Amino acid sequence: MASSLGENLNLLSTQQQELVKMLLENGQDHLFRDWPPPGVDDDHKKAFLDQLTLLDSSYPGGLESYIKNAKRLLADSKAGNNPYDGFTPSVPTGETLTFGDENYINFEETGVHEARKAAFVLVAGGLGERLGYSGIKVALPAETTTGTCFIQHYIESILALQDASSQGESQTQIPLAIMTSDDTHGRTLELLESNSYFGMQPTQVTLLKQEKVACLEDNDARLALEQQNKYRIQTKPHGHGDVHSLLYSSGILNVWYDAGLKWVLFFQDTNGLLFKAIPAALGVSASKQYNVNSLAVPRKAKEAIGGITRLTHSDGRSMVINVEYNQLDPLLRASGYPEGDVNCETGYSPFPGNINQLILELGPYIEELSKTGGAIQEFVNPKYKDASKTSFKSSTRLECMMQDYPKTLPPSARVGFTVMETWFAYAPVKNNAEDAAKVPKGNPYHSATSGEMAIYRANSIILKKAGVQVAEPVLQVFNGQEVEVWPRVTWKPKWGLTFSRIKSKVSGNCSISLRSTLAIKGQNIFIENLSLDGALIIDAVDDAEVNVSGSVQNNGWILETVDYKDTTEPEVLRIRGFKFNKAEQLETKYSEPGKFHLKA
């Protein structure tokens with residue numbers, strides 16, 4: 001040990017000396033090889049050891065485990081080993097729901113009741129750079145009619161569930177944990193604090209910051225030093241699978257368990273439709289007693305979205321897991337399905353599309369994590385210089401994904417899925433305007449444009465199913481993407497948490513024209529025999545009951561196009577390709593309790 005470090009050893013604490021000894025035993029002597037004698041760069045050396053200590057403490061099993069896992073995975077990658085060797089795919093069991101039918105409504109009501117025993121975990125480590133937005137993704141408006149940002153929408157949805165699930169009994173607070181990163185932590189905290197946590201108690205919200213992992217420079221898993229600084233290791237994000245080890249090491253899962261909670265719901269940062277699907281999915285978890293329930297959407301065969309698959313190994317092991325689309329088709333062909341991934345009689349693949357929203361039963365989850373320490377099976381994806389696979393174009397690192405949690409579960413675990421129709425469950429915002437415009441016709445854009453229009457579409461369809469005459473949509477192109485344009489209908493989650501609640505608030509003969517905008521910002525707003533042709537905004541405190549009827553006609557809010565290259569417009573509008581010219585509206589605000597009638 002002394003050879004590489006010489007007299008520098010005296011700079012180190014006993015604990016640091018142990019760490020260095022372990023690194024030397026694991027082929028990392030290059031880290032200390034060029035160190036000058038004590039008295040030169042001592043502050044840099046100490047900072048380097050602080051960094052090593054952090055990397056060691058933030059990975060389950062420490063750096064020794066990280067290096068050993070890396071050597072094994074890099075050897076498998078070089079040899080071209082298939083992680084699915086010996087496994088046969090089959091269709092797993094799950095529930096397929098149809099929005100608004102009796103079965104769906106029953107699951108929805110069950111889910112609302114169960115919500116008082118739930119905790120939510122938002123995985124929010126991302127910036128909006130990929131979208132052409134310089135802020136954090138959760139600060140992006142989900143829609144621009146009201147300007148409600150994603151995190152506000154999520155918190156208001158959880159508060160609506162909290163309110164509805166207590167039904168007269170003492171109200172429990174539904175906790176929310178948010179996984180942040182170095183990039184997003186400070187800005188997420190600032191967004192919450194400057195908006196009074198959007199109505200939550202600050203004690204309800206826990207921020208858990210994800211650390212990065214060390215980069216690897218070669219197949220021997222030697223840790224990569226920064227090119228400009230020999231006293232700093234290159235680091236990169238480890239992936240959202242870290243959420244499990246963070247929840248485990250923080251001790252918060254036991255706090256939740258001791259408080260009587262039963263479910264943990266994981267969700268990602270920019271899907272404005274998700275909470276429409278959550279009550280029914282939670283109802284499925286409770287009714288079917290699933291330890292793991294993956295939310296899924298119908299998936300066309302070979303579509304570029306992972307498929308939820310049961311894999312059974314020749315040695316008897318089995319698991320229900322997300323298999324990436326480019327692995328699923330060859331896996332099926334190799335297992336006696338000559339056509340590979342094909343649509344069945346429903347017109348969709350029998351392997352539903354994974355959307356990375358998980359509902360876990362808390363007790364079995366804690367039990368599993370106490371065995372694994374929260375470690376999730378990893379993968380490595382090195383970019384090799386050439387076919388010999390002996391050197392990398394740039395450093396790589398191990399990665400892990402939140403949805404790979406079921407890989408370590410015993411075969412007795414009850415793992416299922418819930419398929420929801422895409423129109424009301426899944427419209428993520430992850431592609432910028434240029435990338436979205438290149439998407440082949442018929443495939444989803446997953447942009448700010450399509451994400452906002454999907455919200456209006458879902459709300460319009462839901463009102464149609466509740467008996468409102470809603471104008472048929474037209475196709476329009478914004479930022480090179482052809483989307484369905486529906487009336488711009490939005491409501492607060494507390495107004496329309498479930499389909500049966502929406503049906504109870506809409507009655508008589510109501511109609512909404514295509515050019516209309518409707519924003520419902522209150523809990524007890526009832527719409528009866530309303531004809532809307534223009535813009536109507538109704539805002540009411542919870543104790544105000546407002547009945548709206550009659551005919552509203554005005555110039556409304558006019559949809560205008562915006563060019564994503566037009567720097568005179570704000571980023572938020574440029575990435576959508578449209579804005580509203582708010583020509584005229586009827587806007588009413590009820591700030592006192594009581595019963596009111598708005599007859600237009």
Side-chain angles (χ1 to χ4, degrees), residues 97-100 104 140-148 150 153 157 270-278 280 295 297-300 305 353 355 419-431 433 436 439 441-493 495-499 502-503 506 510-520 527 532-533 535-536 556-561 575-580:
L97 303 186
T98 303
F99 184 92
Y104 178 86
L140 194 65
E143 40 78 14
T144 51
T145 294
T146 64
T148 303
F150 281 106
H153 173 67
S157 299
T270 52
N271 178 6
L273 298 178
L274 175 71
F275 273 85
K276 296 187 190 305
I278 290 251
L295 264 68
V297 291
R299 179 182 155 276
K300 290 283 186 191
I305 172 176
I355 61 170
V419 178
M420 305 272 193
E421 297 150 278
T422 308
W423 67 263
F424 75 92
Y426 189 54
V429 176
K430 49 190 183 185
N431 292 326
V439 165
K441 200 171 167 64
N443 287 21
Y445 297 116
H446 291 170
S447 66
T449 312
S450 61
E452 176 161 355
M453 288 300 178
I455 292 171
Y456 304 139
R457 177 177 181 231
N459 290 342
S460 294
I461 293 172
I462 290 167
L463 287 186
K464 268 181 97 155
K465 289 180 183 287
V468 179
Q469 285 178 296
V470 181
E472 287 303 307
V474 293
L475 288 172
Q476 253 182 287
V477 176
F478 302 103
N479 278 350
Q481 304 156 62
E482 187 177 68
V483 288
E484 278 185 13
V485 178
W486 290 76
R488 274 66 71 197
V489 177
T490 61
W491 56 71
K492 288 283 188 197
W495 183 81
L497 182 66
T498 62
F499 185 50
I502 292 166
K503 281 201 298 187
V506 177
C510 297
S511 65
I512 301 175
S513 72
L514 183 60
R515 63 183 200 88
S516 292
T517 299
L518 172 64
I520 302 171
I527 294 171
L532 174 61
D533 181 34
L536 172 62
W557 290 8
I558 299 140
L559 191 58
E560 296 181 348
T561 54
I575 63 174
R576 286 159 215 276
F578 59 81
K579 65 179 178 181
F580 299 114

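All residue numbers refer to positions in the sequence shown, counting from 1. Computed from a predicted structure; not experimentally measured.
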Report the C-alpha distance between W495 and I502 in whole Å, list the side-chain angles of each, state the deciding distance to 0.1 Å, and finish with yes or no for side-chain contact (heavy atoms from CB on, under 4.5 Å). CA-CA 7 Å; W495 183 81; I502 292 166; 4.1 Å; yes
Taking side chain as C-beta onward, heavy atoms only, is [X] less than 4.5 Å from [Y]?
X: I462; Y: K276; answer: yes
X: K441; Y: E482; answer: yes
X: F578; Y: N479; answer: no
X: I527; Y: V468; answer: no
X: F99; Y: I461; answer: no
X: H446; Y: V429; answer: no
X: Y104; Y: T98; answer: no
X: T422; Y: P298; answer: yes

Please check if the distance between the ring centroids of F499 and F424 is under 6.0 Å.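 When the ring centroids of F499 and F424 are compared, they turn out to be at least 6.0 Å apart.
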For I305, is there any backbone N or O sitting under 3.5 Å from a side-chain donor or acceptor partner on R299?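 Checking the backbone N and O of I305 against the side chain of R299, a donor-acceptor pair under 3.5 Å is found.
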For the backbone of D533 and the side chain of R515, can you confirm whether one donor and one acceptor N or O come within less than 3.5 Å of each other?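 Yes, R515 side chain to D533 backbone: donor-acceptor pair under 3.5 Å.
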Looking at [atom1] of [X] and [atom2] of [Y], how far apart are the two atoms once the value is rounded to the nearest 0.5 Å?
X: L274; Y: H153; atom1: CG; atom2: NE2; answer: 8.0 Å
X: L97; Y: E421; atom1: CG; atom2: CD; answer: 8.5 Å
X: K430; Y: T270; atom1: NZ; atom2: OG1; answer: 8.0 Å
X: S516; Y: R488; atom1: OG; atom2: CZ; answer: 8.0 Å
X: T517; Y: I558; atom1: OG1; atom2: CD1; answer: 9.5 Å
X: T144; Y: E452; atom1: OG1; atom2: CD; answer: 3.5 Å

Closest heavy-atom pair and its distance - [X], [Y]:
X: N459; Y: V489; result: ND2-O, 2.8 Å
X: W486; Y: S460; result: CE3-CB, 3.4 Å
X: V485; Y: L514; result: O-CD1, 3.4 Å
X: I512; Y: P487; result: CG2-CB, 3.7 Å
X: T146; Y: A519; result: CG2-CB, 4.2 Å
X: L497; Y: S157; result: CD1-O, 4.3 Å

Is there a side-chain contact (heavy atoms from CB on, under 4.5 Å) between T561 and F478? Walk through the geometry before answering. CA-CA 7 Å; T561 54; F478 302 103; 3.7 Å; yes
Ring geometry between Y456 and F580 (parallel below 30°, tilted from 30 to 60°, perpendicular above 60°):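 It falls in the perpendicular class, over 60°.
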Between N271 and Y426, is the side-chain contact (heavy atoms from CB on, under 4.5 Å) condition met? List the steps. CA-CA 6 Å; N271 178 6; Y426 189 54; 3.7 Å; yes
For a quick check under 3.5 Å, do Q481 and S447 share a side-chain donor-acceptor pair by atom type?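 Side chains of Q481 and S447: pair found under 3.5 Å.
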Quick test of your reading of the model: are R576 and E143 salt-bridged, counting only N-O distances below 4.0 Å?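 Result for this pair is no, no salt bridge flagged.
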